[in-house]
Amino acid sequence: MPELITPTARLYPSWTAARAEWGDDAHMDGSGLGAQDDVDDPEGFGAWVEWLRGCSDRTAPVEPGRVPATYWWIADGDTYLGSVDLRHYLNAFLLDAGGHIGYSVRPSARRRGLATWALREVLYEARIRGMDRVLLTCDPDNEASVRTIEHNGGVLEDVRETLIGPKRRYWIDLQPR
């Protein structure tokens, strides 16, 4: 049974297998992984996991261009299935192109409803953190993300050209009806 867990170095073998499915240069949305992160050995991976865990501290300084964010991994036992993050607020770049929530599911675990489930869980987390609405974005041709976002109540605001290419921009209202 999948669950959202705090990132843990314990899943290093499964995480590296998932990364290999994507390819070393692929962007894993919602993972927090940057080109500068050394995750090729257990020590570097452990340091990166600790950094992810610290990103949710709103009192800690953040790197330029970043905002506080909470990261979760989608896991089933010792199997890493994907990641999802909730950015606590938007900066100009996130308002234009990135949104509050990013997510990805490893290729071998897709088409099982994991992204839809994980997004629903994180929307609940956003609500209990006092957020009243969240922005999600996806590439215009990413039909799986379009379905995931719309299934969770996403309302299309627009499709626009951004610094990272064209994006569909959706808002999800978190207020009780």
Side-chain angles (χ1 to χ4, degrees), residues 4-75 80-106 115 118-119 121-139 142 145 148-149 157 160-172 174:
L4 289 184
I5 65 168
T6 301
T8 174
R10 176 178 58 82
L11 295 187
Y12 177 67
S14 182
W15 185 92
T16 56
R19 183 176 180 215
E21 289 178 20
W22 269 295
D24 287 343
D25 295 331
H27 178 70
M28 298 162 53
D29 289 319
S31 71
L33 183 64
Q36 75 285 354
D37 294 315
D38 174 18
V39 294
D40 293 328
D41 61 58
E43 184 177 288
F45 182 78
W48 175 66
V49 165
E50 286 308 309
W51 177 81
L52 287 177
R53 295 168 71 112
C55 287
S56 64
D57 182 353
R58 292 180 69 128
T59 65
V62 294
E63 299 168 23
R66 299 190 75 90
V67 300
T70 303
Y71 292 90
W72 293 275
W73 287 354
I74 306 165
Y80 171 89
L81 301 172
S83 57
V84 60
D85 74 324
L86 172 64
R87 298 159 197 132
H88 299 181
Y89 57 85
L90 299 178
N91 59 21
F93 171 77
L94 294 172
L95 178 61
D96 185 50
H100 286 98
I101 298 171
Y103 56 86
S104 58
V105 173
R106 71 188 290 176
L119 177 55
E121 295 295 308
V122 172
L123 292 172
Y124 173 77
E125 294 289 336
R127 192 174 295 113
I128 64 174
R129 283 172 167 74
M131 300 171 85
D132 56 2
R133 69 183 194 146
V134 294
L135 175 68
L136 285 95
T137 69
C138 67
D139 292 343
N142 188 338
S145 278
T148 295
I149 295 167
E157 178 180 60
R160 67 172 66 168
E161 192 61 38
T162 73
L163 291 172
I164 57 173
K167 294 292 175 188
R168 294 176 66 95
R169 298 175 68 254
Y170 290 89
W171 288 97
I172 298 177
L174 301 177

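Among pairs with a residue in residues 82-99, those fulfilling salt bridge (Lys or Arg N to Asp or Glu O under 4.0 Å) read Asp85-Arg87, Asp96-Arg160, at least two apart in sequence or across chains. Evaluation of the salt bridge (Lys or Arg N to Asp or Glu O under 4.0 Å) test over residues 28-37, restricted to residues two or more places apart or in two chains, returns none.
Annotation: side-chain contact (heavy atoms from CB on, under 4.5 Å) contacts of Thr137 (sequence neighbours excluded): Leu135, Lys167, Arg169. Every side-chain contact (heavy atoms from CB on, under 4.5 Å) that Arg53 has, sequence neighbours left out, goes to Thr6, Val49, Glu50. Applying the side chain to side chain donor-acceptor pair (under 3.5 Å) criterion to Arg129, with sequence neighbours excluded, gives Glu125. Applying the side chain to side chain donor-acceptor pair (under 3.5 Å) test to Glu21 and every residue at least two apart in sequence or in another chain returns Arg106, Ser108. By the ring pair (Phe, Tyr, Trp, His ring centres under 6.0 Å) test, Tyr12 is found to be paired with Phe45, residues two or more places apart in sequence or in another chain being considered. Under the rule for a side-chain contact (heavy atoms from CB on, under 4.5 Å), the partners of Ala126 that lie at least two apart in sequence or sit in another chain are Leu86, Met131, Val134, Leu174. A search for side chain to side chain donor-acceptor pair (under 3.5 Å) contacts involving Asp40 returns Arg19, not counting sequence neighbours. Residues passing the side chain to side chain donor-acceptor pair (under 3.5 Å) test with Arg10 are Asp78, sequence neighbours excluded. Residues passing the salt bridge (charged side-chain N to carboxylate O under 4.0 Å, His left out) test with Asp57, sequence neighbours excluded: none.
Checked by atom type, the side-chain pair Tyr103/Ser145 shows a donor-acceptor distance below 3.5 Å.
Considering all non-hydrogen atoms of both residues, Leu52 and Ser31 come closest at CD2-O, 3.5 Å.
Considering only heavy atoms from C-beta on, Cys138 comes within 4.5 Å of Tyr170 through its side chain. Using a 4.5 Å heavy-atom cutoff, the side chains of Leu119 and Val84 are not in contact. Under the 4.5 Å side-chain criterion, counting only non-hydrogen atoms from C-beta, Val39 is in contact with Trp15.
How far OG1 of Thr8 is from OH of Tyr80: 13.0 Å, rounded to the nearest 0.5 Å. Between atom CZ of residue Arg133 and atom CH2 of residue Trp171 there is a gap of 4.0 Å, rounded to the nearest 0.5 Å. Distance check, rounded to the nearest 0.5 Å: NE2 of His100 to CG of Leu95 gives 8.5 Å. Note: Ile101 CD1 to Ile149 CD1 = 9.0 Å, rounded to the nearest 0.5 Å. Considering CD1 of Ile5 and OG of Ser83, their distance stands at 11.0 Å, rounded to 0.5 Å. Atom CG of Asn142 sits about 8.0 Å away from atom OG1 of Thr148, to the nearest 0.5 Å.
The backbone N or O of Gly44 lies less than 3.5 Å from a partner atom in the side chain of Asp41, making a donor-acceptor pair.
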Side chains of residues 63-70: which donor-acceptor pairs under 3.5 Å do they make with residues two or more places apart or in other chains?
residue: Arg66; atom: NH2; partner: Tyr71; partner atom: OH; Å: 3.1
residue: Thr70; atom: OG1; partner: His88; partner atom: NE2; Å: 2.8

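Within 6.0 Å of CD1 in Ile128 there are more than 12 heavy atoms belonging to other residues, nucleotides or ligands. Residue Phe93 qualifies as enclosed at atom CZ: its count of foreign heavy atoms under 6.0 Å is above 12.
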